[in-house]
Amino acid sequence: MSGFIFKQDLAMAYFSDCSKSTASKLLAREIHSNNSLLAALQSAGYRPTQKRLSPKQVQILYDFLGKP
């Protein structure tokens, strides 16, 4: 995997039947309701306010949530 991905774009991949705003909120809820996932993301430099996810952060999400 190369390059960064916008968090909103990844959210839309997981929640394609929702609006961008709703998809983003649902992804945030997935992240923050799973302490292990949040801890793994934070160890990779994740901040809740960031707009783009690093390749490592995306891989962590895939590991926990599966690929969209």
Side-chain angles (χ1 to χ4, degrees):
M1 179 179 306
S2 63
F4 284 67
I5 185 171
F6 282 99
K7 194 182 335 182
Q8 191 174 58
D9 292 340
L10 186 61
M12 285 301 296
Y14 279 109
F15 304 102
S16 59
D17 57 339
C18 298
S19 69
K20 286 184 179 184
S21 175
T22 299
S24 294
K25 289 175 185 173
L26 290 171
L27 181 59
R29 183 169 60 183
E30 288 289 327
I31 292 170
H32 292 277
S33 67
N34 184 326
N35 290 334
S36 298
L37 170 56
L38 182 57
L41 285 170
Q42 287 173 333
S43 73
Y46 175 79
R47 296 177 327 279
T49 58
Q50 71 188 62
K51 302 280 188 216
R52 298 185 313 155
L53 298 167
S54 73
K56 183 174 183 177
Q57 293 166 346
V58 172
Q59 187 58 53
I60 290 167
L61 284 164
Y62 288 170
D63 291 345
F64 278 85
L65 304 178
K67 287 192 177 184

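The residues of the chain are indexed from 1 along the displayed sequence.
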Asker: Rounded at 0.5 Å granularity, tell me how far CZ in Arg29 sits from OG1 in Thr22.
Answerer: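 Rounded to the nearest 0.5 Å, the CZ-OG1 separation comes out at 10.0 Å.
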
Asker: Could you walk me through whether Leu37 and Asp63 satisfy the side chain to side chain contact (heavy atoms under 4.5 Å, CB included) test, starting with their C-alpha distance in whole Å, then the side-chain angles of each, then the deciding distance to 0.1 Å, before giving a yes or no?
Answerer: CA-CA 9 Å; Leu37 170 56; Asp63 291 345; over 6 Å; no

Asker: Given side chain to side chain contact (heavy atoms under 4.5 Å, CB included), test Phe15 with Leu27 step by step and report yes or no.
Answerer: CA-CA 8 Å; Phe15 304 102; Leu27 181 59; 4.2 Å; yes

Asker: Taking side chain to side chain donor-acceptor pair (under 3.5 Å) as the test, write out the residues that go with Gln50, two or more places apart.
Answerer: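 Gln57.
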
Asker: Check Pro55 against Gly3 and note the closest heavy-atom contact, atom names and distance.
Answerer: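 Heavy-atom minimum between the residues: CG-O, 3.0 Å.
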
Asker: Looking at Pro68 and Ala13, what are the two nearest heavy atoms and their distance?
Answerer: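 Looking at all heavy atoms of both residues, the closest pair is CB-O, 3.4 Å.
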
Asker: Could you go step by step and tell me if Tyr46 and Lys7 meet the side chain to side chain contact (heavy atoms under 4.5 Å, CB included) rule?
Answerer: CA-CA 11 Å; Tyr46 175 79; Lys7 194 182 335 182; 3.4 Å; yes

Asker: Measuring from Leu10:CG to Leu65:CG, what's the distance to the nearest 0.5 Å?
Answerer: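 Here the interatomic distance stands at 8.5 Å.
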
Asker: Between Tyr62 and Met12, is there shared hydrophobic-cluster membership here, with clusters defined by ILVMFWY side-chain heavy atoms closer than 4.5 Å?
Answerer: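 Unlinked, Tyr62 and Met12 end up in two clusters.
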
Asker: Are Tyr14 and Leu26 grouped together when hydrophobic residues (ILVMFWY) are joined by side-chain heavy atoms under 4.5 angstrom apart?
Answerer: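 Yes, it is one cluster - the side chains of Tyr14 and Leu26 are joined through contacts under 4.5 Å.
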
Asker: Which distance, rounded to the nearest 0.5 Å, do you find between the OG of Ser43 and the NZ of Lys56?
Answerer: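 Rounded to the nearest 0.5 Å, the OG-NZ separation comes out at 6.0 Å.
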
Asker: Using the test side chain to side chain contact (heavy atoms under 4.5 Å, CB included), find all partners of Ala40 that sit at least two apart in sequence or belong to another chain.
Answerer: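 For Ala40, the residues satisfying side chain to side chain contact (heavy atoms under 4.5 Å, CB included) (neighbours in sequence not counted) are Ile60, Phe64.
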
